[in-house]
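Indexing begins at 1, ligand by ligand and atom by atom, following the structure's order. Note that these values count all heavy atoms, side chains included, but never hydrogens, waters or copies made by symmetry.
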Amino acid sequence: MSKRVALITGGASGIGRALGEKLAERGVTVVLADRQLELAEEVAASIVARGGSAWAASLDVRDAASFRDLAAEVARREGSIDYFFNNAGIAIAGEMLDYDDRAWDDVLDVNLRGVGYGISAVYPIMVAQASGHIINTASMAGWLPMPRGASYAASKHAVVGITKSLRIEGAAHGVRASVLCPGAIQTPILLGGTFGGQVGRRVPDSVMKKLWKRARPMDVNAFAVEVLKDVDANEPYIIVPRWWKAIWLFERVAPRMSLRLWARVYAKQRAELEAAAADPHPAHTTDAPVHAE
Ligand SMILES: NC(=O)c1ccc[n+]([C@@H]2O[C@H](COP(=O)([O-])OP(=O)(O)OC[C@H]3O[C@@H](n4cnc5c(N)ncnc54)[C@H](O)[C@@H]3O)[C@@H](O)[C@H]2O)c1
């Protein structure tokens, strides 16, 4: 098979990193673009040490001009962009009552504008090639309510809408588009990540971990393997872990019942957060990753 090239934003960590590593194992040249350049360089070096082809690039997805420059550089250096994982994202947890402007602006700037800028940078190159696949990372929060994560849910609902539209427009040019909707995956973002965080009363990491554990976070490498199967199949909606498809379907066919279900989940969560806040001896907090039971 001829040479294939993938550009991955957020490629230094978590999902972007795992996708890069798995693609490199398949012989794809990967470009890991991230605000965390040093980390991206370490990942690229480890891929190269294992016999793969990879390089790192500094990118802040909020900078449209830099995005265009990088996309042009990748196409020039490598000859094509076959896969574009428009994946960088952040999350800021907290109630809307506690939101400051940052809780809206930062999340929408990275997760929504950044995705739009990425499409503007890469899509024309793919149209000129008459080939390529854009995979925008949304979330199950792109379909479901996310109390304590409204700006995140807003950005991810938008990414679902963008991708559905792009899939239809892109088909006329030979360009594919899919939306990646992870459930909960074991990555740093579950505890805020490097550029996200919380507003309002700070919830200790130990409590956050306990709450996330219930969503059975998936190992990120196993996740990447499943995602790439769906990319190969040109699935429009890539939902992994697979069991989230039942929840997705329930939301689509019974939206009012789904709201009632999520209201119950939220009430339970609120009660636990209140109890944790009242605890005079909060559990020790660490930055260790959240693990499924
Ligand atoms: N982990 C999950 O459970 C989960 C669930 C649903 C959706 N997602 C989405 O998956 C994507 C990847 O997240 P992850 O879980 O790998 O988290 P992560 O924190 O491990 O990785 C996010 C990466 O994005 C980079 N980044 C952040 N802001 C950036 C910017 N302005 N410009 C360039 N790079 C930037 C970070 O440096 C980091 O390397 C995000 O869009 C996230 O919203 C994750």
Under 4.0 Å from a heavy atom of [X]: give me the atoms of ligand 1 that qualify, with their elements.
X      : answer
Gln36  : 36 (C), 37 (O), 38 (C), 39 (O)
Gly183 : 3 (O), 5 (C), 6 (C)
Gly14  : 16 (O), 20 (O)
Asp60  : 30 (C), 31 (N), 32 (N)
Thr137 : 9 (C), 10 (O), 11 (C), 41 (O)
Leu190 : 3 (O)
Leu59  : 32 (N), 33 (C)

Pairs of nitrogen or oxygen atoms closer than 3.5 Å, one from [X] and one from ligand 1: do any exist?
X      : result
Ser139 : no
Asn111 : no
Ile90  : no
Gly16  : no

Heavy-atom gap [X] to ligand 1 smaller than 4.0 Å:
X      : answer
Gly11  : no
Thr9   : no
Ala184 : yes
Ala33  : no
Lys156 : yes

Closest protein heavy atom to [atom], given as residue, atom name and distance to 0.1 Å:
atom                    : value
atom 18 (P) of ligand 1 : Ser13 OG, 3.6 Å
atom 23 (C) of ligand 1 : Gly10 CA, 3.7 Å
atom 3 (O) of ligand 1  : Ile185 N, 2.8 Å
atom 29 (C) of ligand 1 : Arg35 CD, 3.9 Å

(request) Starting at CG of Leu228, measure out to CD1 of Ile135 and round the result to the nearest 0.5 Å. (result) 8.5 Å
(message) Ring-plane angle category for Tyr237 and Trp248, please: parallel below 30°, perpendicular beyond 60°, tilted otherwise.
(response) tilted
(message) Parallel, tilted or perpendicular: which one describes the rings of Phe67 and Phe84, with boundaries at 30° and 60°?
(response) perpendicular
Which of these, [options], has its nearest heavy atom closest to [atom]?
atom                    : options                       : result
atom 42 (C) of ligand 1 : Phe195, Phe85, Phe223, Tyr152 : Tyr152
atom 11 (C) of ligand 1 : Asn87, Ile15, Ile189          : Asn87
atom 22 (C) of ligand 1 : Pro188, Ala88, Gly118, Gly89  : Gly89

(request) May I ask you to check whether Asn234 and Arg167 show a side-chain donor-acceptor distance below 3.5 Å? (result) yes
